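Structure first, commentary second.
In this text, all values refer to a predicted model and were calculated from it rather than measured experimentally. Heavy atoms only: backbone and side chains are in, while hydrogens, waters and symmetry mates are out. Atoms within a ligand are numbered from 1 in the order they appear, just like the ligands themselves.
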Amino acid sequence: MKAVGPRRYELLKKLGVRSVADLLLHLPRTYEESLNFIPISQVKPGALVTIRGRILDKDYKPKLFGKSRVWVLLADDSGEIEAVWFDQSYRSKQLSEVDEVTLSGKARMYEDKLQLIQPKIITLSKEELEARLSPSAKRGQKTLLPLYPTTSGLGQETFRRIERNALEKYADEFPEIFSENFRKMRQFLPIEEALRSVHFPPSLRIARQAKRRLAYEEFFLLEVAMALRRRGIKEEHKAHRIQVTPRIDQRIRRLFPFKLTSAQDRAISEIAEDLQHQEPMNRLLQGDVGSGKTVVAVYALLAAVANKLQVALMAPTEILAEQHHNTLSFFLREARVRMKLLTGGISRSQRNEALSGIRVGEVDLAVGTHALVEEDVDFKRLGLLVVDEQHKFGVVQRARLRQKGLTPDCLVMTATPIPRTLALTVFGDLDVSVIDELPPGRVPIKTHLVPPQKRERAYEFIRKEINKGRQAYIVYPLISESDAIEAKAATEMADFLAREVFSEFKVALLTGRMPSAKKEEVMLDFRTRKTQILVSTVVIEVGIDVPNATIMVIENAERFGLAALHQLRGRIGRGRYQSFCLLFGEPKTDEARRRLQIMTQTTDGFSLAEEDLKNRGPGEFFGIRQHGMPELKIANLIEDYELLRMARKDAFSLVKADPYLSRPENFLLSRMVRAKFAQRLDLVNVG
Ligand code: ADP
Ligand code: MG
């Protein structure tokens with residue numbers, strides 16, 4: 001392309017621009033307004049004006065009555081004018097590099113001379129200028145100049161020139177995926193016009209309108225991909241329909257020592273509805289920590305078992321798998337369900353026994369880690385798979401199961417409070433059930449910041465609580481890339497606490513590096529109150545459930561993100577006692593201070609998540625980038641939420657009407673979706 005040689009291409013690549021199309025979709029971050037572009041002779045005192053002139057004279061006074069002053073005298077063909085800046089000494093250097101300059105600001109009379117006071121310097125080249133001095137601009141209206149997100153070595157003027165070239169030569173080749181009727185209905189500009197007006201808009205209103213179309217298109221392509229993937233899943237047919245009869249329902253509910261919350265009931269009926277359909281369920285069960293997701297999952301598992309199917313419950317770590325195994329053993333103590341644990345921690349003979357039981361159908365319920373979907377695990381009739389805390393689950397594991405000829409119903413549980421906007425994009429191909437209510441009788445957790453000078457008092461407080469019979473977690477964050485070093489820090493701290501601070505109590509240590517038998521033993525001791533204090537690295541982050549533990553100390557709390565803090569805090573407040581979360585540490589940045597402050601103000605995961613999303617942007621939100629979060633270049637998940645909903649609705653109804661995008665009018669769309677998402681989204685049978 002004209003104006004882009006190898007050097008500039010490298011710079012553009014830094015900005016994620018690799019093609020002309022990328023360039024056209026690299027939108028201005030904002031616009032600068034140059035007001036009232038007029039010849040110098042027409043400048044009147046008091047008016048906001050933009051003028052361009054040659055620099056005839058310059059003066060720089062570092063100190064004048066306490067202020068620095070930069071002064072220039074400018075001329076165009078019609079006249080002369082002065083400009084001054086106070087306390088902006090950098091202008092002196094800026095102005096020494098140019099012969100001509102465009103200034104925008106307010107005019108005044110000073111000692112009988114016209115003067116621009118503190119004007120902005122508008123950066124634009126001669127061609128730019130000519131282009132901007134269109135008839136309308138000459139009449140003294142506003143002109144808008146794009147300001148691009150750029151990188152050093154690529155100035156705004158150059159960028160504008162490159163964009164203008166790209167628009168002139170290629171804007172008309174950019175594919176239009178929307179029909180005229182559709183555009184009319186949604187009030188969208190045609191693509192070419194949208195591109196032109198977003199870069200060089202005649203007004204801010206039109207710039208917004210153009211951007212709206214482009215943001216919609218970005219969402220739309222993404223949602224079409226989601227709809228296609230969903231369609232792919234729905235086309236799989238499972239062998240079994242699972243019926244939840246009133247009798248089965250009663251039998252399952254009898255196993256729970258409490259009445260389910262109405263949120264749990266709602267989730268259960270959504271799941272039951274899915275289970276009886278021919279298409280496999282693909283549902284996300286979302287609920288804050290402690291909201292009772294496990295119970296809902298147990299219900300689904302038992303419903304499938306009652307239908308003579310095998311089921312599997314998969315956890316992200318061995319400890320959690322073991323814990324689920326324990327929880328289930330408790331609920332199932334009066335049921336005839338044959339359950340086996342399958343983790344790396346069990347002996348070879350136990351493993352062989354579990355595997356053969358699964359193969360011949362003598363195991364109804366297998367609990368384990370991702371080992372459950374490995375090759376040598378051969379289910380006789382797998383009807384339902386429940387996955388705990390693994391957002392990414394779906395694409396890969398599902399494909400693996402499909403290869404084995406299995407298309408079970410899938411339920412993914414997550415405590416990550418995913419804001420609704422993200423849920424529609426990250427998990428756009430899943431149905432979502434939300435448990436938005438905690439079981440009754442929970443006492444809200446109190447959270448406090450503990451600065452170093454109050455550490456002793458905090459220890460004293462913990463001592464009192466433990467003497468009342470409670471237990472405490474003390475967590476050490478990742479302080480180094482190596483978990484060996486991290487484990488060492490936790491080990492030293494545990495020693496120190498056991499010897500110096502809490503010598504009257506039993507202090508145990510849990511790190512990620514311990515062998516799993518050891519971990520299990522430590523957890524069991526804690527659960528049975530043989531130990532009162534559990535010092536750990538972040539291995540306790542998810543899922544651990546010890547209602548008697550009411551204290552959570554987080555060391556170096558400022559190093560954790562909101563998500564991790566919330567997850568950790570979710571380990572307490574699970575019983576009927578008042579729980580306390582103590583955030584130790586000293587925030588060094590405003591952002592960290594704010595983060596910890598918010599933790600003391602709310603325990604609601606959704607508000608924390610929204611906050612996190614606002615502060616960090618979706619790319620980093622709760623570590624979701626690894627989970628296949630597509631990057632949005634134009635649209636904004638928070639501001640453009642309504643647009644996203646619309647795009648989703650439109651995309652899903654389009655795919656419903658043309659499931660393979662095989663109609664001629666959808667040819668371009670199909671090509672664009674494939675180009676953008678094929679690898680990422682594991683599309684099946686697109687067009
Ligand atoms: P989650 O998996 O969502 O973090 P759990 O299912 O582990 O939550 O439930 C947290 C705790 O609340 C457990 O001890 C569980 O037995 C209990 N619980 C779950 N549902 C209810 C309910 N409806 N009433 C009372 N307690 C409940
Ligand atoms: Mg759980």
Side-chain angles (χ1 to χ4, degrees), residues 249-250 252-271 283-303 313-317 319-335 365 367 386-391 393 411-418 432-445 470-471 473 523 526-529 540-550 552 563-577 579 581 603-606 608-609 622:
D249 178 76
Q250 261 181 16
I252 300 175
R253 284 175 194 266
R254 268 212 311 265
L255 299 172
F256 302 136
F258 37 68
K259 192 173 166 305
L260 298 188
T261 63
S262 51
Q264 284 171 319
D265 278 332
R266 188 163 12 96
I268 283 175
S269 60
E270 286 162 1
I271 291 168
R283 186 171 285 277
L284 181 76
L285 178 60
Q286 190 191 352
D288 215 338
V289 283
S291 60
K293 294 180 295 296
T294 312
V295 170
V296 171
V298 169
Y299 184 104
L301 292 167
L302 296 181
L313 173 58
M314 193 165 107
T317 65
I319 291 198
L320 286 177
E322 278 147 20
Q323 182 176 295
H324 277 315
H325 187 256
N326 287 340
T327 309
L328 285 160
S329 308
F330 170 76
F331 286 135
L332 298 178
R333 65 201 183 282
E334 295 184 353
L365 168 52
V367 181
V386 174
V387 183
D388 193 12
E389 284 302 340
Q390 259 174 340
H391 311 145
F393 181 84
L411 181 67
V412 181
M413 297 193 272
T414 181
T416 306
I418 303 146
V432 180
S433 293
V434 180
I435 305 186
D436 52 6
E437 176 187 358
L438 293 178
R442 295 280 169 84
V443 190
I445 302 170
R470 305 288 82 74
Q471 289 163 283
Y473 296 105
M523 278 317 299
F526 191 65
R527 198 172 290 126
T528 57
R529 308 196 198 178
I540 60 158
E541 192 167 331
V542 274
I544 299 292
D545 186 22
V546 181
N548 191 54
T550 56
M552 170 62 68
L565 290 171
H566 179 65
Q567 291 287 342
L568 286 169
R569 184 169 60 181
R571 297 309 109 216
I572 54 170
R574 307 189 138 235
R576 60 205 157 85
Y577 306 108
S579 286
C581 177
T603 51
D604 175 50
F606 279 88
L608 290 170
F622 281 20

query = To which of P257, G575, A297, G292 does the heavy atom nearest atom 9 (O) of ligand 1 belong?
reply = G292
query = How would you list, by chain and number, every residue that makes a salt bridge (charged side-chain N to carboxylate O under 4.0 Å, His left out) with R527, sequence neighbours excluded?
reply = none
query = Can a non-hydrogen atom of P547 be found less than 4.0 Å from any atom of ligand 1?
reply = no
task = Please confirm whether R333 makes a cation-pi placement over F330, using NZ or CZ under 6.0 Å from the six-membered ring centre and within 45° of the ring normal.
result = yes
query = For atom 11 (C) of ligand 1, which candidate among R574, R442, K259 holds the nearest heavy atom?
reply = R442
message = At less than 4.0 angstrom from any non-hydrogen atom of S291, what atoms of ligand 1 do you find?
response = 3 (O), 8 (O)
request  = Could you list the atoms of ligand 1 found under 4.0 angstrom from a heavy atom of T261?
outcome  = 23 (N)
inquiry  = If the cut-off is 4.0 Å to any non-hydrogen atom of L260, which atoms of ligand 1 fall inside it?
reply    = 23 (N)
message = With a 3.5 Å distance limit and no angle check, can you tell me whether K293 reaches the backbone of M413 through a side-chain donor-acceptor pair?
response = no
task = Sequence neighbours left out, what passes salt bridge (charged side-chain N to carboxylate O under 4.0 Å, His left out) with R253? Give chain and number order.
result = D249, D265
key: Within 45° cone of Y577 ring axis and under 6.0 Å: R470 NZ or CZ   = yes
